[in-house]
Participant: 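The structure follows.
These numbers come from the heavy atoms of this one structure, side chains and all, not from hydrogens, waters or symmetry mates. Each chain gets a letter, A, B and so on, in the order its sequence line appears, and its residues count up from 1. Predicted, not measured: the structure shown is a model, and the values here were computed from it.
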2 protein chains.
Amino acid sequence: MKRTAPKTPSITVSDVARAANVSKATAARVLGGYGVVSDAIRADVTAAAKALDYRPNELARSMTTGRSGIIGVVVGDIENPFFSLAVRGISDAARAAGFNVILANSGERIDVEKAAVRLLIGKRVDGLIVTPSESRDISHLRDIHRSGRPLALLDRALPDLDVDTVTVDDRGIAMRATRILVDAGHRNIAYVTAVDAKGHEYRDLGQIYTSSVRERIDGFLTVCRDAGIDRPERFVRLGATSPAETRRVADAMLSGPDRPTAILASDSVIALEIFRVIRQRVLRVPEDISLITFHNADWTSVTTPPITVVDQPVYALGKGVAELLIRRLKGDPRPAERLILPTSIFERGSVGPPSKAIVNRA
Amino acid sequence: MKRTAPKTPSITVSDVARAANVSKATAARVLGGYGVVSDAIRADVTAAAKALDYRPNELARSMTTGRSGIIGVVVGDIENPFFSLAVRGISDAARAAGFNVILANSGERIDVEKAAVRLLIGKRVDGLIVTPSESRDISHLRDIHRSGRPLALLDRALPDLDVDTVTVDDRGIAMRATRILVDAGHRNIAYVTAVDAKGHEYRDLGQIYTSSVRERIDGFLTVCRDAGIDRPERFVRLGATSPAETRRVADAMLSGPDRPTAILASDSVIALEIFRVIRQRVLRVPEDISLITFHNADWTSVTTPPITVVDQPVYALGKGVAELLIRRLKGDPRPAERLILPTSIFERGSVGPPSKAIVNRA
DNA sequence: TTGTTGATTGAGACCGGTCTCTTTGATAAT
DNA sequence: ATTATCAAAGAGACCGGTCTCAATCAACAA
């Protein structure tokens, strides 16, 4: 890289000190708000600072103090309203405690997540909040923890990592959602998730490295089996990683044999796309197909019919994890806490009995 | 503040240098990737760094270099999908150029915006992207500019501030949207915005300090007047600052006299809430009331009927402004550019002729 | 053989704060 | 009057990098 920086000369403590006819140390004391200074000198320095339009260099400050006042956050996808709401919760809690937030996107890719963590550590954030995209490779998270910087986990727990964690009871709530469908009479219920695995085909839980999703699938399968559904695994659909992919998955699912009469979507972004495909195929909800999705997104309440959703306390999830982290930042010595927030289901109009014979109207 | 920092001792260049039996300068050269070093020494240092698990202190680095590799972004409300999509555009462009993004929310409040700008400058970001919440008080933006740090404006132009700016033709597109309503026969058309003013009553354009909204209202009023609508100002509704407030505004509007037969919403968050109120009052869209909103949000395409929207190129807006800023960061000396991105309208099903007599069915 | 050149490496200043340790001077105690 | 005490201000090291400049040394030319 060339010499591009014009090196803007900014006003420093020394400049102010000189202007106020005091030592650098004294000026620093009033400017930094520490130590003791007489009122007269304080006034002088303050005046000089104002006249020169002094702006403290946070970088220099946090280099010597060792703390930056910044919390690093790594989430899967900020565009997903689930995460933006959670981030909002984090930001609010952080601001209330005088911290700032620096945000990084992992795109649910482990290598990007690692890079982001490395970067944030490099920036010397005081602590990190991560939504781990994989439970397999968590060396970078161990590193954080080991470096003495507090780490807190959001939405996804890691059994092997004993740090503050805030999640919901994904298994339990998935069971409840599935039971609603089963009770309505469904036997062909599909579970659609963005998580992918080798071969894009679901075989067993061991393939699924995103803890929340694994829990959900586990709950889903348990209830299905209890209901006597044969090999419910065949209804688990992976790889709905983008709108286009979701569309592909949904299309395959809806036109293939053994077609589901009900769908449980793992997040609202997926559900939206599935809903579009359903509409496009001129299928009716819930007469032709029932739908439940995780996350009470905006749109789910204004469709016709409105969608039955799993209403995770997303904002509280973010707020809670931030509060846990901040508590740790302030030196709380208590052992790591694993908070599991209560979750409910909003039954709206998208679930009905299975249609006897579904005609493909597309 | 107490002595809380345990002052985690991290591995520094000196530590690595000592381990590799070279000088600090040499170790720094290989670790920092600058200057010339012989292959043998490079290998030694690299090995030592790996053994010690050296992590560069980004803070110290950017303190001496003067640049942090960070772009500061201040937006009105990250939860608004308009902004999260724009931020996504910014992030993508930033990452592509090797920059990182630090995000701050202003909540559309000028004092918070000022604090955020001050903070980001303190953190020595290389440049800033701001969505100015007011055109009245822009002293803090002038300061940025004056401090030599590049500034770029997103979505809202400031006539008095000659910096890189990316917007859409708000006035023109508002005219087109309004004309669609006028052409459908509407004469009572309401414009609803989150922007507020003293008295919460619209009187004239001089009250509106958010440039994009002012432009839109201007366009709206122009078309209304051209269509011979008497005092269209009375249909401009301010203060839809939150879902609750929007609800209040919508309720007042829909139950009062001179009730609108069509509504133009200034953003999708407002439109969603208005749509809910409409539903709640068992009014039909578009038979009883027509609706157009700015921003092609997710939900607008899945309602029944789908909503006619102004489709701003939001992602491109963010990407564009980031690219402009980065160009400046790299030393481009060209004069400030004001990009106005083309915008279209997606006509869907929420506009129809005005109903003759609207009955309040609620 | 000796001076020149060029490639490497080392020494140390510097960035802009914080913070420890000294010095200074005034007041209080002896 | 002398000394202990204490608050206020000054000096300078330090954080962990970057970067300038000087020193070293081998190869090469004269």
Participant: Mind jotting down which residue pairs meet the side-chain hydrogen bond (donor to acceptor under 3.5 Å, both in side chains) criterion with at least one end in residues 28-50 of chain A? Sequence neighbours excluded, please.
Facilitator: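 For residues 28-50 of chain A: none.
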
Participant: Donor-acceptor pairs under 3.5 angstrom involving side-chain atoms of residues 76-83 of chain A: please list them, not counting sequence neighbours.
Facilitator:
{"unit_1": "A:Asp77", "atom_1": "OD1", "unit_2": "A:Glu79", "atom_2": "N", "d": "2.9"}
{"unit_1": "A:Glu79", "atom_1": "OE1", "unit_2": "B:Arg88", "atom_2": "NH1", "d": "2.3"}
{"unit_1": "A:Asn80", "atom_1": "OD1", "unit_2": "A:Phe82", "atom_2": "N", "d": "2.9"}

Participant: Which residue pairs pass the salt bridge (Lys or Arg N to Asp or Glu O under 4.0 Å) test when at least one of the two sits in residues 13-28 of chain A, sequence neighbours left out?
Facilitator: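 Sorted pair list: A:Asp15-A:Arg18.
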
Participant: Can you list the residues that meet the side-chain contact (heavy atoms from CB on, under 4.5 Å) rule with A:Val321, with sequence neighbours excluded?
Facilitator: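 Partners of A:Val321 under the side-chain contact (heavy atoms from CB on, under 4.5 Å) test: A:Ile90, A:Ile129, A:Ala152, A:Leu154, A:Val166.
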
Participant: Would you be so kind as to tabulate the donor-acceptor pairs closer than 3.5 Å made by side chains of residues 137-144 of chain B, with sequence neighbours excluded?
Facilitator:
{"unit_1": "B:Asp137", "atom_1": "OD1", "unit_2": "B:Lys114", "atom_2": "NZ", "d": "3.4"}
{"unit_1": "B:Asp137", "atom_1": "OD1", "unit_2": "B:Ser139", "atom_2": "N", "d": "3.4"}
{"unit_1": "B:Asp137", "atom_1": "OD1", "unit_2": "B:Ser139", "atom_2": "OG", "d": "3.1"}
{"unit_1": "B:Asp137", "atom_1": "OD2", "unit_2": "B:Lys114", "atom_2": "NZ", "d": "2.6"}
{"unit_1": "B:His140", "atom_1": "NE2", "unit_2": "B:Glu113", "atom_2": "OE2", "d": "2.8"}
{"unit_1": "B:Arg142", "atom_1": "NH2", "unit_2": "B:Asp160", "atom_2": "O", "d": "3.0"}
{"unit_1": "B:Asp143", "atom_1": "OD1", "unit_2": "B:Arg146", "atom_2": "NH2", "d": "2.6"}
{"unit_1": "B:Asp143", "atom_1": "OD2", "unit_2": "A:Arg55", "atom_2": "NH2", "d": "2.8"}

Participant: Nucleotides 21-26 of chain D: which of its N/O atoms have a protein N/O under 3.5 Å away?
Facilitator:
none

Participant: What residues form a side-chain contact (heavy atoms from CB on, under 4.5 Å) with A:Ala336, not counting sequence neighbours?
Facilitator: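 Here the qualifying residues are A:Asp162, A:Asp164, A:Arg328.
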
Participant: Which residues within residues 17-28 of chain A lie with some heavy atom under 4.0 Å of an atom in DNA chain C?
Facilitator: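 Here the set is A:Lys24, A:Ala25, A:Ala28.
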
Participant: Considering only residues two or more places apart or on different chains, which pairs with a residue in residues 103-112 of chain A satisfy side-chain hydrogen bond (donor to acceptor under 3.5 Å, both in side chains)?
Facilitator: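 Output for this query lists A:Glu108-A:Arg156, A:Arg109-A:Asp111.
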
Participant: Check side-chain contact (heavy atoms from CB on, under 4.5 Å) between A:Asp126 and all other residues, then give those that pass, not counting sequence neighbours.
Facilitator: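 If we apply the side-chain contact (heavy atoms from CB on, under 4.5 Å) test to A:Asp126, skipping adjacent residues, the hits are A:Arg67, A:Ser68, A:Phe99, A:Leu329.
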
Participant: Tell me the bend of the helix from C:dT1-D:dA30 to C:dT30-D:dA1 as the angle between end helix axes, each from five pairs, rounded to the nearest 10 degrees.
Facilitator: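 Inter-axis angle at the ends, rounded: 60°.
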
Participant: Which residues in residues 30-49 of chain A have at least one heavy atom lying under 4.0 Å from any atom of DNA chain D?
Facilitator: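 Within residues 30-49 of chain A, the residues near DNA chain D are A:Val36, A:Val37, A:Ser38, A:Ile41.
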
Participant: How long is the span from the CZ atom in B:Arg124 to the CE atom in B:Met63, to the nearest 0.5 Å?
Facilitator: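 Reported value, rounded in 0.5 Å steps: 10.5 Å.
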
